[in-house]
Chemist: 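Dumping the structure here so I can ask a few things about it.
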There are 2 protein chains.
Amino acid sequence: MTNSADDQANPAFCPSGLAGGTCAGCKVRSASICAALDPDELHELESLAEETYFAGRSTVLMQDDPAGSVYNITSGTVRLYKLLADGRRQIVGFLLPGDFIGLSLGERQMFSADAIEPVTVCRFARTAFAALIDQKPHLLRRLHAAATHELTVAQDHMVLLGRRGAEERIAGFLVNLRDRLLRLGRSGVTLPLPMTRQDIADYLGLTIETVSRMITKLARDRVLLVVPGGIRVLDNSRLDALVQN
Amino acid sequence: MTNSADDQANPAFCPSGLAGGTCAGCKVRSASICAALDPDELHELESLAEETYFAGRSTVLMQDDPAGSVYNITSGTVRLYKLLADGRRQIVGFLLPGDFIGLSLGERQMFSADAIEPVTVCRFARTAFAALIDQKPHLLRRLHAAATHELTVAQDHMVLLGRRGAEERIAGFLVNLRDRLLRLGRSGVTLPLPMTRQDIADYLGLTIETVSRMITKLARDRVLLVVPGGIRVLDNSRLDALVQN
DNA sequence: CGTCAGCTTGACTCATCTCAACTAGGGTGG
DNA sequence: CCACCCTAGTTGAGATGAGTCAAGCTGACG
């Protein structure tokens with residue numbers, strides 16, 4: 001539950017995006033920051049990278065801790081969240097392969113992150129990564145593009161949290177997940193949901209019961225089918241229609 | 001209501017941060033992107049800048065429109081928002097002097113923006129600004145720092161929208177506004193509220209009636225006093241206490 | 001002096017939360 | 001192999017915080 005990157009490093013294990021640990025063979029490169037680099041630079045980046053493994057339910061990093069590393073996710077799913085003093089939790093995002101942790105390059109973590117299933121990452125020492133970026137403005141441009149993309153995603157999520165009803169939130173979540181999986185070349189029909197209902201609730205600003213009821217309702221309405229470990233979309237157009245705009 | 005920057009340009013009018021239109025004399029420089037530049041570079045930036053005025057209630061830019069300009073606010077308050085097809089609105093932020101519009105440097109606007117009171121901005125052609133940034137990596141670093149700061153602010157707002165009650169939201173909004181005004185060297189006791197109750201409601205994911213009731217409650221509890229055009233904070237510690245964490 | 005926009009207040013409604021019981025599946029140990 | 005437990009999820013019934021609808025207030029402005 002509280003293992004850090006350093007406890008968990010396991011270079012032998014490799015079910016990840018990295019084929020034999022080379023950036024050139026990385027399956028998620030096109031979806032990530034690293035796509036900005038040419039072969040020479042890729043080799044340079046590779047020398048800084050360390051493939052790291054996190055067990056399911058293990059902690060990747062904690063809010064306010066010093067930021068020693070930045071990460072590029074190569075397989076698995078990570079939840080990012082903030083906690084209030086009384087234990088309320090808001091999940092601010094789920095990260096998929098190709099996503100980057102540590103965009104700000106700041107000295108402190110701005111949120112907590114844990115692996116919700118086994119996760120492999122490409123880990124970089126933050127200072128070394130920052131130094132590389134100072135030499136490669138186009139890598140910084142790419143990082144900045146990723147940060148502003150995250151900002152739009154965050155703003156869209158504010159709309160969801162501030163102005164959408166429960167069923168709309170669930171539909172929005174599923175549509176969003178579907179589209180991200182499609183971009184990764186995965187199926188848009190069977191959506192794996194490695195996160196718990198509680199995670200979904202804390203992401204959507206709902207309770208676990210409301211999430212459960214709304215998924216049941218969508219299943220009753222034949223918009224989707226609940227399958228072990230996820231859902232199957234039966235009617236994409238009706239699902240899309242539930243997400244006005 | 002729908003005047004664009006070009007209709008509204010009015011170099012003669014100058015109640016703004018810019019003293020006589022020079023960056024060197026700009027009152028908000030230390031709070032903005034431009035603080036990254038040395039005197040020579042400032043002069044270069046100045047040659048790209050055009051001081052522009054927006055009347056209260058006028059539109060600065062519309063979501064999905066082509067992004068011709070980026071802006072640095074020198075005086076006044078701007079609301080950024082997204083609309084759903086059925087008219088629901090979520091305000092994603094209020095911008096104060098020193099804040100920047102167009103961090104992404106993208107070709108399309110990702111939100112709408114209007115002036116909620118008379119506003120002056122430093123306007124730059126987007127392409128010229130982007131070209132300058134390609135020559136000044138430290139300016140890009142600064143822009144990136146601003147973007148990731150906005151991202152943390154957005155995530156904190158997600159916590160507010162997803163997990164806080166109505167009174168907590170109001171208190172959070174006021175604490176946040178107070179701290180931003182203090183950073184700009186303004187009073188943290190008398191908070192001007194140039195936005196309407198409806199704007200506050202659309203920012204906090206509430207209705208206008210709930211905003212009104214909660215402000216009345218805080219006034220009844222002697223935490224604040226409602227004054228024309230804003231509020232006066234009577235008890236900072238109780239206001240802070242309402243915002244757990 | 002009348003109008004109008006912004007704001008406040010009250011009475012009632014309702015979507016979502018809370019509390020509680022129950023089900024299903026997976027692991028463990030006797 | 002079965003009994004037990006544990007976690008995750010579902011469902012129901014009732015409570016409640018915020019929304020809705022409606023009326024009235026206030027100050028600015030013509």
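Protein chains get the first letters and strands the later ones, always in sequence-line order, with residue 1 at the start of each.
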Chemist: Output every pair passing ring pair (Phe, Tyr, Trp, His ring centres under 6.0 Å) with a member in residues 211-232 of chain B, not counting sequence neighbours, ordered by first then second residue.
Modeler: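 Sorted pair list comes back empty.
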Chemist: Please enumerate all residues that pass side-chain contact (heavy atoms from CB on, under 4.5 Å) together with T207(A), with sequence neighbours excluded.
Modeler: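 Residues passing side-chain contact (heavy atoms from CB on, under 4.5 Å) with T207(A): E209(A), T210(A).
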Chemist: I'd like the 5' and 3' limits of the part of DNA chain D contacted by chain A, with heavy-atom contacts below 4.0 Å.
Modeler: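 In short, chain A contacts DNA chain D from dA8(D) to dA13(D).
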Chemist: Would you mind listing every salt bridge (charged side-chain N to carboxylate O under 4.0 Å, His left out) that reaches into residues 179-190 of chain B, with sequence neighbours excluded?
Modeler: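 Listed once each, the pairs are D99(B)-R180(B).
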Chemist: If you measure from the Lys or Arg side-chain nitrogens to the Asp or Glu carboxylate oxygens, is any gap between R79(B) and D114(B) under 4.0 Å?
Modeler: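 Looking at D114(B) together with R79(B), the answer is yes, because their closest N to O distance falls below 4.0 Å.
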Chemist: Please list all pairs meeting ring pair (Phe, Tyr, Trp, His ring centres under 6.0 Å) that have one or both residues in residues 206-245 of chain A, counting only residues at least two apart or in different chains.
Modeler: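 Listed once each, the pairs would be none.
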Chemist: For A67(A), enumerate each residue passing the side-chain contact (heavy atoms from CB on, under 4.5 Å) test, keeping only those at least two apart in sequence or located in another chain.
Modeler: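 Q109(A), R126(A).
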Chemist: Taking side-chain contact (heavy atoms from CB on, under 4.5 Å) as the definition, give me every residue that meets it alongside Q63(A), ordered by chain and number, with sequence neighbours left out.
Modeler: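 Q63(A) satisfies side-chain contact (heavy atoms from CB on, under 4.5 Å) with K82(A), S112(A) only.
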Chemist: Show every ring pair (Phe, Tyr, Trp, His ring centres under 6.0 Å) that has at least one partner inside residues 197-240 of chain B, sequence neighbours left out.
Modeler: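 Qualifying pairs: F94(B)-Y203(B), H157(B)-Y203(B), F173(B)-Y203(B).
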Chemist: Report the residues that fulfil salt bridge (charged side-chain N to carboxylate O under 4.0 Å, His left out) with R213(B), sequence neighbours left out, ordered by chain and then residue number.
Modeler: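 Listed in chain order: nothing, the list is empty.
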Chemist: Using heavy atoms and a sub-4.0 Å distance, could you list which residues of residues 196-218 of chain A are near DNA chain C? By number, please.
Modeler: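 G205(A), L206(A), T207(A), E209(A), T210(A), R213(A), in order of number.
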Chemist: For DNA chain C, which nucleotides open and close the run of contacts to chain B, 5' to 3', at under 4.0 angstrom from a non-hydrogen atom?
Modeler: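 Span of nucleotides near chain B: dG6(C) to dA11(C).
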Chemist: Which residues satisfy the ring-ring contact (aromatic ring centres under 6.0 Å, His included) test with F124(B), sequence neighbours excluded?
Modeler: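 F129(B).
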